[in-house]
Amino acid sequence: MKRKWLLTTLLAGLLSILTWGMPREQVQAAETYTIGTDVTFAPFEFADKNNQYVGIDIDLLNAIAKEEGFSVQWKTVGFNAAVQALEAGQIDGVMAGMSITPERQQKFAMSDPYYKSGIAMAVAKNSSIQSMKDLKGKRVAVKTGTASADFANANKNKYGFTTVTFDDSNNVYQDVTTGNSQACFEDFPVMQYGIATGVGLKVTNKTPYEANNYGIAVLKSHQADLLVKINAGLKKLKQNGQYDKIVAKYLGDGSQASQAKKTKATQETDRSFLGLLKSNKDTLLAGLLETMELTVVGILCATVIGVLIGLLGVVPNAIAQGAATTFIYIFRGLPMIVLALFIYTGIPSLTGAHIPAFIAGIITLTLNEGAYTAAFVKGGIKAVDRGQMEAARSLGLPWGKAMRRVILPQGIKIMIPSFINQFIITLKDTSILSVLGLLELTQTGKIIIARNMEGFKIWTMVALIYLVLITLLTWLSNYIQKKVH
Amino acid sequence: MTKTRIEMKNVHKRYGHNEVVQGVDLKVEDNEVVVLIGPSGAGKSTVLRMMNGLETTTSGEILIDGTDIAKAHVDIDKVRQKIGMVFQHFNLFPNLTVLGNITMAPVELGLMTKAEADKEGRRLLDVVGLADKVDARPAKLSGGQKQRVAIARALAMHPDIMLFDEPTSALDPEMVGDVLAVMRRLADDGMTMVIVTHEMGFAKEVADRVVFFGDGKILEQGSPAQMFDHPQHERLQGFLQKVLEA
Ligand SMILES: Nc1ncnc2c1ncn2[C@@H]1O[C@H](COP(=O)(O)OP(=O)(O)OP(=O)(O)O)[C@@H](O)[C@H]1O
Ligand SMILES: [Mg+2]
């Protein structure tokens with residue numbers, strides 16, 4: 001009786017937790033469009049020192065929206081995640097310094113060009129490489145899915161170099177400054193902006209290769225409304241001079257000197273460890289909070305599911321056991337990042353249903369950590385001497401009562417260390433959910449670094465925060481463990 | 001007229017290709033004490049465990065007080081409430097106190113209130129000579145004490161039948177006497193008992209009937225006097241010789 005009640009409460013709690021995460025992601029009030037963009041693609045989109053997203057793309061579309069009377073909800077999820085989310089119909093459009101290509105025009109509705117760009121080849125400051133001819137046998141870093149990457153791949157046989165791809169611009173630059181790669185290809189204005197911000201590279205070509213145009217991609221179903229508004233708004237902004245103002249705000253006259261000046265306005269002045277900690281305190285705290293929220297909700301859901309599936313795995317019934325084994329096999333076998341992307345972008349592209357990133361993250365944690373939990377719950381129960389079950393059953397206790405009064409109390413003791421271990425793993429695994437664009441601690445770190453390029457100091461801060469969290473969680477677990485014994 | 005408590009009819013049990021019980025017919029009457037003997041692997045434990053459904057049969061019938069326990073409509077838990085079982089390795093519940101071990105089942109099954117069960121539990125502990133161990137943890141007891149608690153635990157359900165599977169085999173020799181004394185008293189009080197044991201002296205003394213198993217079959221059965229003093233079957237003769245030499 002008591003047990004049923006407990007179960008009902010737990011399930012009700014689970015539901016309310018799941019729905020509680022919903023409203024902040026729930027969008028689509030009339031005339032609000034969700035637009036995906038890159039985490040960092042300065043000067044087109046990046047977080048300034050107050051962690052506000054700014055840049056040419058952001059300002060431009062916001063101005064267009066104002067002009068045309070709609071509003072924009074930005075989702076900074078990274079270029080690839082944004083394109084995937086658009087393919088899955090999770091969002092309405094993508095504006096992320098995206099070149100207009102025939103493939104994209106086929107898949108999406110592309111706006112009129114809003115910025116003329118091209119490709120820069122950058123090398124380390126002290127490098128002797130001057131042009132593509134010097135790249136024979138060298139390694140070139142590019143960002144996945146970009147026009148620069150296409151360009152590099154189209155030319156690598158001709159010039160005899162190999163390519164390596166990264167998800168973030170920052171990692172592309174880093175690979176060249178550390179000497180792992182000898183050059184990188186990047187959009188011209190982006191590269192210039194990066195160098196002005198302090199990236200230790202230099203551009204080798206005066207004029208861009210493969211001059212191309214940036215456009216905004218929207219769902220084909222929005223061809224008649226959103227696309228029309230965007231094109232109309234863009235035209236107006238170009239006519240009334242606002243367009244030039246916005247571009248000048250970020251690029252000045254296009255020279256590096258003027259960019260450096262602009263950069264200062266968006267960057268921290270104190271670059272010491274403490275200075276950076278102070279100026280990024282609120283951002284890091286927000287990330288920490290999101291990580292804790294994911295961890296707590298994740299642990300709760302995973303524990304409930306794990307215990308239920310684990311019990312299912314020891315019920316004397318072949319179908320129940322088969323179901324539990326299959327669940328464990330699948331969700332323990334899948335890499336968590338694959339599971340997360342499958343749930344967030346895979347399922348919606350099939351069913352058309354929206355899944356908010358937070359919910360997708362919790363479902364991922366629940367399934368993955370739940371599978372591990374189920375495995376050790378099942379193992380813990382099985383580790384109890386089988387004579388215990390026989391003795392309980394020989395007294396006439398039904399299976400469930402024997403389980404609850406005799407087997408579980410002994411099994412739980414066996415499982416406690418595994419539970420603590422699993423809680424810590426869950427905390428660490430929330431970092432994987434950064435691929436969904438969730439602004440948890442790791443993603444926060446990535447974004448800050450993408451702006452100020454202070455990888456060592458910021459990752460040290462992030463690592464220390466994780467260690468503190470894990471220490472606290474371990475203490476709490478040990479305290480609870482003592483109470484149980 | 002006496003009442004038949006247990007009746008096995010042509011019972012077989014196979015594990016894969018290994019037929020470990022090969023057509024056993026056995027009746028146990030009310031108040032009767034039946035001792036099962038035989039070499040290791042003969043199937044004694046399997047037969048005993050089939051009597052309360054811990055082991056299923058491959059074919060044949062097992063009737064408890066006239067009902068076939070393999071029938072779908074039979075509530076095996078209800079049947080087991082009336083059949084106590086004592087295991088070679090005690091199987092006390094380490095998460096409960098000695099008294100908790102005894103009272104848990106009757107309370108959990110709603111047969112007694114907590115207070116009634118506590119009172120009955122204390123009485124039974126007194127009977128088995130462990131009144132001072134009420135609140136002890138099973139881990140703190142000697143083997144002989146554990147086995148006496150296990151007997152008290154089974155008795156708390158007020159069973160009609162008690163099954164014992166080598167209850168003294170895991171005990172140090174000096175502990176065996178205490179446990180056998182408790183069992184002897186049970187027999188004297190008229191409990192229906194089926195006992196698998198290698199304690200031949202005890203069998204001789206308390207058994208109404210001794211049943212000799214070999215290779216999953218009953219090879220010979222009879223009164224202790226018949227079986228021990230005038231064994232007919234060659235295998236029984238050999239078995240007794242070996243056991244008495246040891
Ligand atoms: N779960 C099982 N799976 C397969 N074979 C089993 C199983 N349980 C028992 N057996 C086999 O059945 C045969 C009879 O076993 P059983 O335990 O009934 O013998 P026993 O007469 O009680 O022997 P002992 O004196 O050693 O306890 C043995 O050969 C044993 O290996
Ligand atoms: Mg045996």
Side-chain angles (χ1 to χ4, degrees), chain A residues 1-7 307 310-311 314-322 376-420 480-485, chain B residues 45 48-56 64 69 75-97 100-111 117 138-139 146-147 149-165 170:
Chain A
M1 224 33 232
K2 244 197 218 153
R3 219 161 118 237
K4 258 194 198 141
W5 185 85
L6 188 71
L7 202 71
V307 169
L311 285 175
V314 293
V315 171
N317 173 309
I319 296 171
Q321 288 183 11
F376 70 69
V377 165
K378 191 172 131 183
I381 291 170
K382 286 199 164 162
V384 175
D385 179 23
R386 46 173 289 200
Q388 292 289 310
M389 182 53 102
E390 288 184 350
R393 296 304 306 272
S394 77
L395 289 165
L397 291 170
W399 185 85
K401 285 190 160 128
M403 195 46 117
R404 188 166 53 85
R405 290 305 309 271
V406 175
I407 309 301
L408 279 182
Q410 297 178 57
I412 284 171
K413 271 198 182 165
I414 301 171
M415 294 169 210
I416 280 180
S418 308
F419 268 116
I420 294 178
I480 293 171
Q481 182 176 10
K482 269 200 205 104
K483 284 258 145 155
V484 169
H485 273 265
Chain B
S45 295
L48 193 75
R49 291 157 57 82
M50 286 193 290
M51 290 176 182
N52 69 348
L54 280 186
E55 226 57 85
T56 55
I64 301 293
I69 59 170
D75 181 354
I76 189 71
D77 294 323
K78 275 264 157 27
V79 175
R80 283 174 180 154
Q81 288 179 21
K82 288 289 153 202
I83 307 176
M85 188 165 209
V86 174
F87 301 84
Q88 180 176 355
H89 295 289
F90 333 124
N91 299 345
L92 292 184
F93 307 135
N95 55 313
L96 301 173
T97 62
N101 265 270
I102 298 170
T103 59
M104 188 269 283
V107 173
E108 190 68 33
L109 292 167
L111 304 175
K146 281 182 189 164
Q147 197 60 298
V149 173
I151 294 172
R153 175 176 70 181
L155 291 176
M157 292 298 295
H158 298 151
D160 299 328
I161 304 165
M162 286 285 286
L163 309 177
F164 295 83
D165 193 356

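A note on names: the letters A, B, ... follow the listed sequences, proteins ahead of strands, and every chain is numbered from 1.
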Q | For chain A, which residues of residues 87-94 of chain B have heavy atoms nearer than 4.5 angstrom | A |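 Within residues 87-94 of chain B, the residues that come under 4.5 Å of chain A (heavy atoms only) are B:F87, B:N91, B:L92, B:F93, B:P94.
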Q: Look only at the side chain of B:N95 and the backbone of A:R405, and say whether a donor-acceptor pair between them is shorter than 3.5 Å.
A: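 Yes: the side chain of B:N95 pairs with the backbone of A:R405.
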Q. Using non-hydrogen atoms and a limit below 4.5 Å, what part of residues 376-387 of chain A faces chain B?
A.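 At a heavy-atom separation under 4.5 Å, chain B is reached by A:D385, A:R386, A:G387.
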Q) Of the backbone (N, CA, C, O) and the side chain (C-beta and beyond), which part of B:I83 lies under 4.5 Å from a heavy atom of chain A, both, or neither? A)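 The answer is the backbone of B:I83.
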Q: Please identify each residue that fulfils side-chain hydrogen bond (donor to acceptor under 3.5 Å, both in side chains) with B:R49, with sequence neighbours left out.
A: A:E390, B:E55
**Q.** Which residues share a side-chain hydrogen bond (donor to acceptor under 3.5 Å, both in side chains) with B:T97, sequence neighbours left out
**A.**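 Result, side-chain hydrogen bond (donor to acceptor under 3.5 Å, both in side chains) vs B:T97: none returned.
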Q: State which residue, out of B:I76, B:L109, B:D75, fulfils the side chain to side chain contact (heavy atoms under 4.5 Å, CB included) condition with A:P398.
A: B:L109
Q: Indicate the atoms forming the closest heavy-atom contact of A:L397 with B:A105, along with that distance.
A: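 It is CD2-CA, 4.2 Å.
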Q) Which region of A:A392, side chain (C-beta onward) or backbone (N, CA, C, O), has a non-hydrogen atom less than 4.5 Å from a non-hydrogen atom of chain B, or is it both or neither? A)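 Contact with chain B is through both the backbone and side chain of A:A392.
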Q) Rounded to the nearest 0.5 Å, how far does CG of A:L395 lie from CG of B:D77? A)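 These two atoms lie 11.0 Å from each other.
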Q. When rounded to the nearest 0.5 angstrom, what is the spacing between OG in A:S394 and CE in B:M157?
A. 9.5 Å
